[in-house]
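See below for the structure under consideration.
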Amino acid sequence: MAYPITKLLIANRGEIAVRIIRTAKRLGIATVAVYSDPDSNSLFVRLADESVPLNGIESKDTYLNQSKILEACRLTGADAVHPGYGFLSEKADFAELLEQNKISFIGPSSESIRSMGDKIGSRKLVEKSGVPVIPGYDRELQDSETFTKEAKRIGLPLMVKASAGGGGKGMRRVDSFDQLESAIQGAKREALSAFGDDRLLLEKYIENPRHIEFQVFGDSKGKIIHLHERDCSLQRRHQKVVEETPAPHLPKEVKEKMAKAAIEAARAVDYLGAGTVEFIYGATGDFYFLEMNTRLQVEHPVTEMTTGWDLVEWQIRVARGEQLPDTPPQIGHAIEVRIYAEDADNGFLPAIGTIENLHFPQGTGIRIDSGIEEKTEINMYYDPMLAKVICHGESRAEALAVMKHFLEKSYIFGLTTNISFLRRVVEHPRFVSGHITTHLIAEELNSLQPKFSSLEKERIATELAMQKKEVNPWKTQSANSLFSTSDSVYSMHRETVWVHCNGEIWHYTFKQNRTVTKGIFENEIKSPMPGKVVQVFAEIGKVFQADEPLLVLEAMKMENVIKASEVCIVRSVFVSVGDAVKQDGILLELEAVSPKKT
């Protein structure tokens with residue numbers, strides 16, 4: 001049922017909250033932000049007309065707390081809620097709760113969310129509509145014996161996937177049956193933590209796949225259209241890194257078949273509003289239904305850049321009962337990259353810190369969706385995505401040239417990000433050619449390494465710091481000194497120099513006058529990031545082989561496995577399941593085991 005929309009509460013944070021607020025204001029709709037304690041000084045809170053504290057830190061106590069969101073609606077008189085993506089955007093019971101309270105949910109009906117939000121149920125539903133699905137196991141029995149039996153029937157390699165949610169969480173690839181049990185348990189833990197639902201399904205792994213998705217839209221009159229495809233094949237750990245439209249080298253006849261299948265999938269649940277139907281496209285030319293996301297997608301701006309539509313505006317208009325026009329034509333090409341707080345050159349570990357300096361170049365064909373600014377503090381509690389950059393051109397080559405220029409000139413100091421890595425990716429010959437699969441990053445990781453060695457980074461940082469005679473790198477006059485040369489920008493924050501040079505960004509900490517505290521144990525294993533211990537395999541006296549898991553840390557909603565680098569014996573264990581650990585906190589003490597001489 002459509003209700004008037006005069007005041008919109010955004011049940012989200014960061015860049016998507018900023019993006020929704022700006023469209024709502026353009027439409028003359030008052031906005032309300034809700035925020036956790038760490039987000040109290042964030043940009044999206046200041047941009048909203050009103051804001052309500054959620055009084056808590058972690059997602060489960062704030063952005064996922066339905067009663068607090070409903071109470072914020074009552075306090076402010078908000079008559080509609082936009083959930084953004086993630087958090088409550090695909091929670092059918094939340095949409096139902098709002099409906100019961102006569103508050104518009106900017107999204108599909110609770111029935112549609114429930115039908116498509118469950119991967120097991122959605123597979124069965126679209127299959128009845130004639131949409132091809134990946135061979136697999138999607139039944140209710142979830143015991144290890146059943147999974148083992150079905151895995152052997154499906155064959156290797158295969159994917160273990162969470163039935164609820166998405167974003168790469170609760171997903172594991174299995175290449176041998178020895179890996180199956182650990183993959184199942186890891187996927188269950190991650191799915192339960194992220195979605196509150198640990199049910200799994202198994203699917204045959206498609207070799208050399210591409211990830212193609214269609215933006216669909218439905219209105220209350222029963223009309224369903226598509227807004228063309230997006231290629232989201234460039235991924236890491238099943239999370240999208242770069243997206244673009246149109247999809248390069250996608251045959252016209254395949255696109256038409258996929259578009260028809262996407263509309264049929266949406267029609268199967270009487271879909272209302274914006275949604276995305278995702279497909280796996282194999283090297284043989286076959287495609288299969290992957291899932292339907294019943295919400296706005298992170299990558300929706302590339303569709304907006306090539307169609308001229310504001311998808312948030314049309315979400316609101318459809319929620320008001322307006323009818324959709326026909327599918328618009330595409331104009332030009334658009335590419336999006338996701339800027340993350342992560343160390344791409346160190347196993348993509350998540351990073352935290354405070355943004356001290358920030359520079360994003362402006363220009364024709366550049367759109368920046370961001371919720372960050374200088375002095376924004378990035379913590380361990382939420383997703384590590386900081387911003388999205390979307391570049392548009394008349395052709396793919398032109399859009400790519402704009403993107404390369406943007407990434408060459410951008411930098412964030414004070415916090416490690418993947419900006420330099422993204423530049424290397426979009427300049428890589430395989431990406432430039434448009435022949436992309438979901439394996440590209442994994443297969444080309446060696447060729448995507450930084451152009452400077454550690455020694456060169458140290459030398460350049462030292463030389464830059466010394467160029468300013470009044471600046472002593474070990475005792476700066478200012479806590480935040482920013483300088484530039486003809487081809488470099490660098491910033492001094494007491495003992496650390498942050499450098500942007502020839503498209504690469506890094507930092508170097510001078511140690512001459514620092515007191516280095518040596519650990520109690522010489523063979524201690526420290527945490528590479530702040531996080532929470534979710535599983536401990538290490539036991540005192542137990543021997544581990546190289547590459548065997550010692551423990552599992554959860555940081556920014558993803559699991560990270562700490563493995564043995566060589567054959568070793570555990571001497572001490574300093575953490576337990578549930579412990580919160582700081583970066584460089586001591587986890588274990590190990591002792592290398594020398595091979596026996598024969």
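The model shown is predicted, which means the values in this text are computed figures rather than measured ones.
- With a 4.5 Å cut-off on side-chain heavy atoms, P350 and M380 do not count as touching.
- Between R123 and E203 a salt bridge is recorded (basic side-chain N to carboxylate O distance below 4.0 Å).
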Passes side-chain hydrogen bond (donor to acceptor under 3.5 Å, both in side chains), T416 versus D343? Steps please. CA-CA 6 Å; T416 301; D343 190 347; 5.2 Å; no

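- A salt bridge does not link E96 with K91: every distance from a Lys NZ or Arg NE/NH1/NH2 to an Asp or Glu carboxylate oxygen is 4.0 Å or more.
- Closest non-hydrogen pair, I378 versus A341, comes out as CG2-CB, 4.1 Å.
- E342 places none of its side-chain heavy atoms less than 4.5 Å from the side chain of N346.
- Between D326 and K223, at least one side-chain nitrogen of the basic residue sits less than 4.0 Å from a carboxylate oxygen of the acidic one, meeting the salt-bridge criterion.
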Test side-chain hydrogen bond (donor to acceptor under 3.5 Å, both in side chains) on S193 and E554 and set out the steps.
CA-CA 9 Å; S193 173; E554 183 188 80; 2.7 Å; yes

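- Residues T146 and D143 have side chains that bring a donor and an acceptor to within less than 3.5 angstrom of each other.
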| Pair D118-R199, salt bridge (charged side-chain N to carboxylate O under 4.0 Å, His left out): steps then yes or no | CA-CA 9 Å; D118 183 299; R199 291 175 304 131; 2.4 Å; yes

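- Annotation: the span from R317 atom CZ to L311 atom CG amounts to 12.5 Å, rounded to 0.5 Å.
- Using modelled atom types, one side-chain atom of E90 and one backbone atom of T294 make a donor-acceptor pair closer than 3.5 Å.
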Using side-chain contact (heavy atoms from CB on, under 4.5 Å), reason through S59 and Y381 one step at a time and then give a plain yes or no.
CA-CA 7 Å; S59 300; Y381 300 107; 5.9 Å; no

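- Counting all heavy atoms, side chain and backbone alike, G86 lies closest to R295 at N-CD, 4.1 Å.
- For the atom pair CG of D231 and CD of E299, the computed distance is 10.5 Å after rounding to the nearest 0.5 Å.
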_Could you walk me through whether S410 and R423 satisfy the side-chain hydrogen bond (donor to acceptor under 3.5 Å, both in side chains) test, starting with their C-alpha distance in whole Å, then the side-chain angles of each, then the deciding distance to 0.1 Å, before giving a yes or no?_
CA-CA 10 Å; S410 298; R423 179 192 56 76; over 6 Å; no

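- Ring pair H249/H435 is parallel by interplanar angle, where below 30° counts as parallel and above 60° as perpendicular.
- Contact of the V425 side chain with the V241 side chain is not registered, since no non-hydrogen atoms from C-beta on lie closer than 4.5 Å.
- Defined by atom type and a distance below 3.5 Å, a donor-acceptor pair is missing between the side-chain atoms of Q235 and E243.
- Remark: side-chain polar atoms of N12 are paired, donor with acceptor, to backbone N or O of P83 under 3.5 angstrom.
- Considering every non-hydrogen atom in both I106 and A319, the closest pair reads CD1-CB, 3.9 Å.
- When side chains are defined from C-beta on, D270 does not count as touching P108, because their heavy atoms never get closer than 4.5 Å.
- Here the side chain of H82 pairs no donor or acceptor atom with the backbone of I21 at under 3.5 angstrom.
- Considering only heavy atoms from C-beta on, L180 comes within 4.5 Å of V160 through its side chain.
- Between D310 and R26 there is a salt bridge, with a side-chain nitrogen of the basic residue lying less than 4.0 Å from a carboxylate oxygen of the acidic one.
- With R424 contributing its side chain and L448 its backbone, the two residues share a donor-acceptor pair below 3.5 Å.
- Checked by atom type and distance alone, the side chain of Q297 never pairs as donor or acceptor with a backbone atom of N293 at under 3.5 Å.
- Aromatic rings of Y205 and H439 (six-membered ring for Trp) have centroids within the 6.0 Å cut-off, being under it.
- Looking at F217 and T327, their side chains never come closer than 4.5 Å, going by heavy atoms from C-beta outward.
- Remark: side-chain polar atoms of T307 are paired, donor with acceptor, to backbone N or O of W309 under 3.5 angstrom.
- At a threshold of 4.0 Å, the pair E444-R430 counts as salt-bridged, since one of the basic side-chain nitrogens sits closer than that to a carboxylate oxygen.
- Not counting sequence neighbours, F105 has no partner by the ring pair (Phe, Tyr, Trp, His ring centres under 6.0 Å) test.
- Between the side chains of S109 and S112, a donor-acceptor pair is found at a separation under 3.5 Å.
- For K124, the NZ atom counts as densely surrounded, since its 6.0 Å shell holds more than 12 non-hydrogen atoms of other residues, nucleotides or ligands.
- Ring centers of Y288 and F279: at least 6.0 Å apart, outside the cut-off.
- The backbone N or O of S144 sits less than 3.5 Å from a side-chain atom of T148, completing a donor-acceptor pair.
- The aromatic rings of Y63 and F87 lie parallel to each other, with less than 30° between the two planes, well short of the 60° mark.
- Atom NZ in K240 sits 4.5 Å away from atom SG in C232 (nearest 0.5 Å).
- Between the side chain of T245 and the main chain of E229, a donor-acceptor pair closer than 3.5 Å is present.
- A donor atom on one side chain and an acceptor atom on the other are not found under 3.5 Å apart for D178 and S176.
- A salt bridge links R172 with E190: the closest approach of a Lys/Arg side-chain nitrogen to an acidic carboxylate oxygen falls below 4.0 angstrom.
- Of the possible donor and acceptor atoms, none in the side chain of K161 sits under 3.5 Å from a partner among the backbone N and O of K169.
- Taking the ring centroids of F348 and F421, they lie under the 6.0 Å cut-off.
- Annotation: side chain of E336 is not in contact with side chain of R367 (no heavy-atom distance under 4.5 Å).
- A 6.0 Å sphere centred on NZ of K257 holds no more than 12 heavy atoms belonging to other residues, nucleotides or ligands.
- Nearest heavy-atom pair, I20 versus G84, reported as atom, atom and distance to 0.1 Å: CD1-CA, 3.9 Å.
- Here the closest non-hydrogen pair linking P157 and K204 is O-CD, 3.9 Å.
- Summarising the local packing, NZ of K221 is surrounded by more than 12 heavy atoms from other residues, nucleotides or ligands at distances under 6.0 Å.
- In this model, a donor atom of one side chain and an acceptor atom of the other lie less than 3.5 Å apart for R230 and Q215.
- Atom CD1 in I263 sits 13.0 Å away from atom OG in S129 (nearest 0.5 Å).
- The closest side-chain donor-acceptor pair between E398 and H333, if any, does not fall under 3.5 angstrom.
- Under the 3.5 Å distance criterion, with hydrogens and angles disregarded, a donor-acceptor pair is assigned to the side chains of R19 and H300.
- The ring pair (Phe, Tyr, Trp, His ring centres under 6.0 Å) check on F214 picks up H226, with sequence neighbours excluded.
- Taking 4.5 Å as the limit, some side-chain heavy atom of I419 sits within range of a side-chain heavy atom of F360.
- For V216 against T276, the heavy-atom pair with the smallest separation is CG2-N, 4.2 Å.
- At distances below 3.5 Å, at least one donor-acceptor pair connects side-chain atoms of K388 with backbone N or O atoms of V298.
- Atoms CD1 and OG1, on I335 and T306 in that order, are 11.5 Å from each other to the nearest 0.5 Å.
- Other residues, nucleotides and ligands contribute over 12 non-hydrogen atoms within 6.0 Å of the CD atom of E207.
- To the nearest 0.5 angstrom, D175 atom CG is 8.5 Å from L158 atom CG.
- With respect to R153 and E150, a salt bridge is recorded, a charged nitrogen being found less than 4.0 Å from a carboxylate O.
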